Amino acid sequence: MKIKSSFLSLIFPFLSVTGTTAQTTDSLEFAKIAKQISFSEVVKKGGVSFPIPAAPDGYQVILKGTDRLNVIDREGKIFSPLEDVQVQLFCQLLRLKDQKSFDMSPVLVQVNGAFNDRAGNPKPFVIPALREWHGGTGALKLTKNSRIILANRDSRLIEVASLLKKDLLVSSGLNLKVSIGKPEAGDIFLVFDARDEGLGEEGYLMDINDHVRLNAFHKRGMIWATRTILQLLEQDPANRSLPKGQSRDYPKYEVRGLVLDVARKFFTMDFLRDYVKMMSYYKMSEFHIHLNDNGFPIYFNNNWDRVYAAFRLESSTYPQLTAKDGHYTKKEFIALQQLAAEYGVDIIPEIDVPAHALAISRVMPEIGSKKYGMDHLDLYHPKTYKVVSNIFKEYLEGSKPVFSGKVIHIGTDEYDKKEAEKFRYFTDYFIRYVQGFGKEARVWGALTHAKGNTPVTAKNVTMNAWYNGYAEPLEMKKQGYQLISTPDGSLYIVPAAGYYYDYLNLKNLYRKWEPVNVGKVTFQAGDPVIRGGMFAVWNDKSPAGNGISQQDVHDRVFPAMQVLAQKMWAGTDSIPYTQFQAKSKGIKEGPGLNIAGFVKGQDSLVLHYDFNRSEINDLSVYKRGKAVLRPQKAGKGQSGRSLVLSASNSFVQLPLKEIGYNYTISLRLKPDGDSKGEKVLFSSPHGVFKSADKDNKLAFSREGYDYQFDYQLPAGEWTELTITGTNKGTSLFVNGKSKERKLGKEVLYPETKVKMFKVETLVFPLQILGDRNHAFRGEIDDLKVFNKILSDQEIETINQKPI
């Protein structure tokens with residue numbers, strides 16, 4: 001395809017002078033020079049270096065970056081793609097007499113690929129999308145005789161092969177042998193072949209023919225290659241078939257991440273470990289964990305002594321700093337980073353100072369600010385620097401530090417701007433402090449908000465550009481910072497808060513956003529100042545008790561991760577959003593993961609027990625089976641036999657642990673006439689559903705939250721219960737009629753006039769029917785589980801048998 005013009009319309013104002021503001025004379029002079037420079041529009045097959053055009057005397061054109069560094073790198077070296085691709089160049093014009101440089105207009109060139117034939121298999125769908133693909137014909141099917149073959153005994157290959165073997169066993173039931181040698185038909189062959197240096201750290205080659213050949217330059221690229229194979233297999237009903245063809249795949253941006261606020265809402269270590277695996281499945285490179293923060297005083301009668309605050313990491317230097325209601329031991333956090341390294345993900349730990357630091361000042365009140373609030377550390381108190389240094393030192397010192405990665409985030413956000421100079425001093429002090437341990441420092445953008453003359457180190461510092469009023473992106477570029485696009489107006493999730501996003505606008509993000517967009521500022525593609533992007537979950541309202549669970553957070557994160565993984569890996573190079581949305585349903589969280597409680601089934605009745613036989617078998621088309629842990633009695637029932645739970649240690653283990661939104665649960669119950677007190681009907685690690693709470697009302701609990709329906713089961717009578725659950729709430733039907741819909745409510749805080757929305761959701765627990773200690777006593781019949789919300793009419797006629 002012939003490109004109409006080598007110069008595109010400008011993405012932002014025509015001139016950007018590095019280090020100074022452009023003057024009108026500069027603008028006119030630059031425009032005049034720019035007209036005299038012409039770029040090649042097409043790089044033909046076999047080209048090895050992009051020809052940088054000569055500039056008029058006194059000027060020099062410098063290639064600073066491209067949007068496909070794996071095809072044309074910053075030195076202009078060309079790496080042959082499989083197919084024709086377009087590459088956008090980011091160039092600067094240097095004026096030699098004063099060394100001022102100007103961002104030039106974008107330049108788009110076509111690089112011809114090795115293949116022009118597109119008659120083979122179409123590009124297969126994975127998330128994120130493959131950057132290059134040349135289709136073959138037919139498919140390769142893995143069998144129980146397939147093997148994972150390694151080119152040699154490279155320890156990196158052995159580690160990746162072990163991971164792939166484990167994941168294939170879980171996802172496909174294939175227990176493949178791992179060995180070293182030459183591949184045969186049906187095998188998966190792993191090799192590090194350094195001939196294609198353009199692959200970089202994260203790129204890989206995939207060739208699916210009579211066997212699968214995965215080739216990378218580094219370990220992370222090989223890990224990503226195996227994730228692609230697993231996603232391709234997941235979309236095959238038998239988890240065996242792979243479309244034949246070749247791919248050369250690589251990311252557009254190096255930083256592709258998620259920020260998770262674990263301070264204001266505790267997430268279990270199991271949850272974080274599962275998130276590492278899920279992020280790896282979507283080739284997300286960084287997991288930023290926000291370890292300390294506090295709630296808002298307004299919900300605590302503006303009394304700093306009562307405001308919730310938490311520091312989630314074990315501290316031996318200041319033991320009282322460690323949160324009592326949930327924290328991670330050093331050993332656990334080290335193991336999390338080791339797991340992340342195994343999966344190709346970097347953990348970015350954040351200790352947020354000098355604001356958001358109530359957890360620290362609560363332990364040492366003398367360093368809390370009396371002027372700006374105790375969540376601000378006193379920047380004038382010498383002990384502040386000693387305490388904060390000691391905290392960082394505990395996790396950074398030694399040959400095997402607790403924070404084992406190369407990047408540490410030191411916070412530096414939202415301090416009162418009246419103290420701009422002292423804040424800038426503090427920020428610079430701790431940037432240099434963590435750099436002294438050989439680490440790269442990350443900061444939140446705040447230096448436009450905190451304008452001043454005190455210098456702040458920019459070398460080897462990356463800034464999360466979250467709000468342009470706090471850190472104007474173009475100004476931060478001039479000051480020398482690299483940026484991670486984290487715009488609050490697009491990428492902040494604050495669950496059930498009523499501000500920012502509860503759920504991100506994914507359609508808009510898919511169509512219009514990628515990391516070069518920072519608020520209303522858009523950088524040129526290929527500008528190296530933009531390292532990538534991150535989206536964030538801030539649990540602002542959780543300390544005040546808004547009812548949000550881990551799985552509620554996940555319900556918001558997972559669809560966003562699918563879209564943003566695509567946008568941060570491949571930019572806008574993808575299929576239309578409607579197609580992406582439909583196809584993405586075929587890819588879940590990754591091998592062995594089911595955080596959402598997803599239950600597969602085209603027939604919506606996914607589990608059914610009528611208890612009419614001594615063997616409790618699933619009557620749905622899926623035949624999920626049974627597992628009886630304790631002997632149970634059989635009751636007469638109303639129509640056929642029923643299950644009788646007659647003692648505290650009387651329960652049945654079901655084949656499903658839980659079911660996530662959207663679901664319908666239906667069953668019949670006949671409580672014993674003398675049954676009083678709290679009784680558990682269903683339970684799983686994430687929740688409990690009770691036939692009676694302490695008030696003898698139907699109820700459920702999860703993550704320390706208790707919810708009660710205004711309904712009491714009549715003793716000695718058969719009642720048909722139906723429960724439906726969505727991400728909006730939980731509803732109860734009795735004998736086919738709607739009884740109560742708990743879809744969230746506003747709560748008023750004692751001693752205040754402050755209201756907050758509290759969610760009333762439940763991922764329904766199904767692992768245990770009954771309980772080991774406080775089981776329901778009575779008869780149970782006709783349990784049905786649906787993976788959809790039945791209509792009121794369907795619920796009314798859910799059982800044709802009389803009650």
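Source: prediction; values computed, not measured. Computed over heavy atoms, backbone and side chain alike; hydrogens, waters and symmetry mates excluded.
- Atom-to-atom distance recorded for Thr384:OG1 and Leu377:CG is 5.5 Å, nearest 0.5 angstrom.
- Ile127 has its side chain within reach of Ser584: a pair of non-hydrogen atoms, C-beta onward, lies under 4.5 Å apart.
- Glu29 has a carboxylate O that lies under 4.0 Å from a charged side-chain N of Arg95, or vice versa, which qualifies the two as a salt bridge.
- Electrostatic pairing of Lys252 and Glu514 counts as a salt bridge here, judged by a charged N lying under 4.0 Å from a carboxylate O.
- In summary, the side chains of Glu589 and His554 do present a donor paired with an acceptor at a separation below 3.5 Å, with no hydrogens or angles considered.
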Candidate pair Leu272 and Val262, rule side chain to side chain contact (heavy atoms under 4.5 Å, CB included), full reasoning: CA-CA 10 Å; Leu272 300 187; Val262 304; 4.2 Å; yes
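- Judged by the 6.0 Å distance and 45° axis criteria, Lys439 is not positioned over the aromatic ring of Phe437.
- By the 30° and 60° cut-offs, the orientation of the rings of Phe423 relative to Tyr415 is parallel.
- Taking the six-membered ring where the residue is Trp, Tyr470 and Tyr467 present tilted rings, their angle falling between 30° and 60°.
- Taking 4.0 Å as the cut-off between side-chain N and carboxylate O, Arg256 and Glu202 count as a salt-bridged pair.
- Heavy atoms only, all atoms of each residue included: Ile391 and Tyr395 are closest at O-CD1, 3.1 Å.
- The pair Arg424-Asp428 fails the salt-bridge criterion, with no side-chain N (NZ, NE, NH1 or NH2) lying under 4.0 Å from an Asp/Glu carboxylate O.
- Between Asn468 and Gly519 the shortest heavy-atom distance is ND2-CA, 4.0 Å.
- A side-chain donor-acceptor contact under 3.5 Å links Asp555 and Asn727.
- The closest side-chain donor-acceptor pair between Thr228 and Lys283 falls under 3.5 angstrom.
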Stepwise side chain to side chain contact (heavy atoms under 4.5 Å, CB included) test for Asp73 and Phe79: CA-CA 8 Å; Asp73 69 12; Phe79 305 96; 3.7 Å; yes
Worked check of salt bridge (charged side-chain N to carboxylate O under 4.0 Å, His left out) between Glu475 and Lys477: CA-CA 5 Å; Glu475 179 60 31; Lys477 172 183 174 177; over 6 Å; no
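- Side chains of Tyr503 and Arg556: a donor-acceptor N/O pair is present below 3.5 angstrom, by distance only.
- Seen from the ring of Tyr510, Lys567 counts as a face-on cation partner, given the 6.0 Å and 45° thresholds.
- Looking only at side-chain heavy atoms (C-beta outward), Val563 and Gln581 stay at 4.5 Å or farther from each other.
- Closest heavy-atom contact between Pro349 and Val407: CD-O, 3.5 Å.
- Looking at Arg531 and Glu254, a side-chain N of the basic residue comes within less than 4.0 Å of a carboxylate O on the acidic one, giving a salt bridge.
- Residues Ile431 and Val443 have side chains in contact (heavy-atom distance under 4.5 Å, counting atoms from C-beta outward).
- A salt bridge between Asp416 and Lys371 is absent, with no side-chain N of the basic residue lying under 4.0 Å from a carboxylate O of the acidic one.
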From CA spacing to verdict: side chain to side chain donor-acceptor pair (under 3.5 Å), His409, Asp352: CA-CA 8 Å; His409 204 295; Asp352 198 358; over 6 Å; no
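- Using a cutoff of 4.0 Å between basic side-chain nitrogens and carboxylate oxygens, Asp540 and Arg264 are scored as salt-bridged.
- A donor and an acceptor atom, one from each side chain of Asp293 and His356, are located under 3.5 Å apart.
- A 4.5 Å side-chain heavy-atom check between Val259 and Phe535 finds every atom pair outside the cut-off.
- With contacts defined as side-chain heavy-atom distances shorter than 4.5 Å, the pair Val434/Ile410 qualifies.
- In plain terms, the two heavy atoms of Ala446 and Thr412 that are nearest each other are CB-O, 3.6 Å.
- For the residue pair Asp103 / Gln92, a side-chain donor-acceptor distance below 3.5 Å is found, with atom types taken as modelled.
- At a threshold of 4.5 Å between non-hydrogen side-chain atoms, the residues Val276 and Phe287 count as touching.
- Put simply, the side chain of Ser485 never gets that close to the backbone of Gly533: no donor and acceptor are under 3.5 Å apart.
- Every residue meeting the side-chain hydrogen bond (donor to acceptor under 3.5 Å, both in side chains) condition with Tyr372, not counting sequence neighbours, appears here in chain and number order: Glu419.
- Between the side chains of Gln562 and Tyr282, at least one donor N or O lies within less than 3.5 Å of an accepting N or O.
- Considering Arg227, Met279, Arg220 as possible partners of Tyr343, the one that fulfils the side chain to side chain contact (heavy atoms under 4.5 Å, CB included) test is Arg227.
- Asp249 and Arg131 are not joined by a salt bridge, as no carboxylate oxygen comes within less than 4.0 angstrom of a charged side-chain nitrogen.
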Side chain to side chain contact (heavy atoms under 4.5 Å, CB included) assessment of Phe39 paired with Met104: CA-CA 12 Å; Phe39 286 83; Met104 298 184 68; 4.2 Å; yes
Step-by-step side chain to side chain contact (heavy atoms under 4.5 Å, CB included) determination, Trp466 to Leu491: CA-CA 9 Å; Trp466 69 278; Leu491 298 182; over 6 Å; no
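- Taking the six-membered ring where the residue is Trp, the centroids of Trp444 and His288 are separated by under 6.0 Å.
- Between Phe426 and Phe430, the angle of the ring planes lies from 30° to 60°, which puts this pair in the tilted group.
- Counting only N and O atoms by type, the side chains of Tyr250 and Arg68 include a donor and acceptor under 3.5 Å apart.
- Taking 4.5 Å as the limit, every side-chain heavy atom of Glu132 sits out of range of all side-chain heavy atoms of Asp84.
- Of the residues Gln435, Glu440, Gln479, Arg442, the one that meets the side chain to side chain contact (heavy atoms under 4.5 Å, CB included) test with Val461 is Gln435.
- Aromatic rings from Phe125 and Phe580 are positioned such that their centres are separated by under 6.0 Å.
- Two rings, from Tyr429 and Tyr385, have their centers less than 6.0 Å apart.
- Classification of Glu421 and Lys451 as a salt-bridged pair fails, no side-chain N sitting under 4.0 Å from a carboxylate O.
- Checking His218 against Glu201 by side-chain atom types alone, no donor-acceptor pair falls below 3.5 Å.
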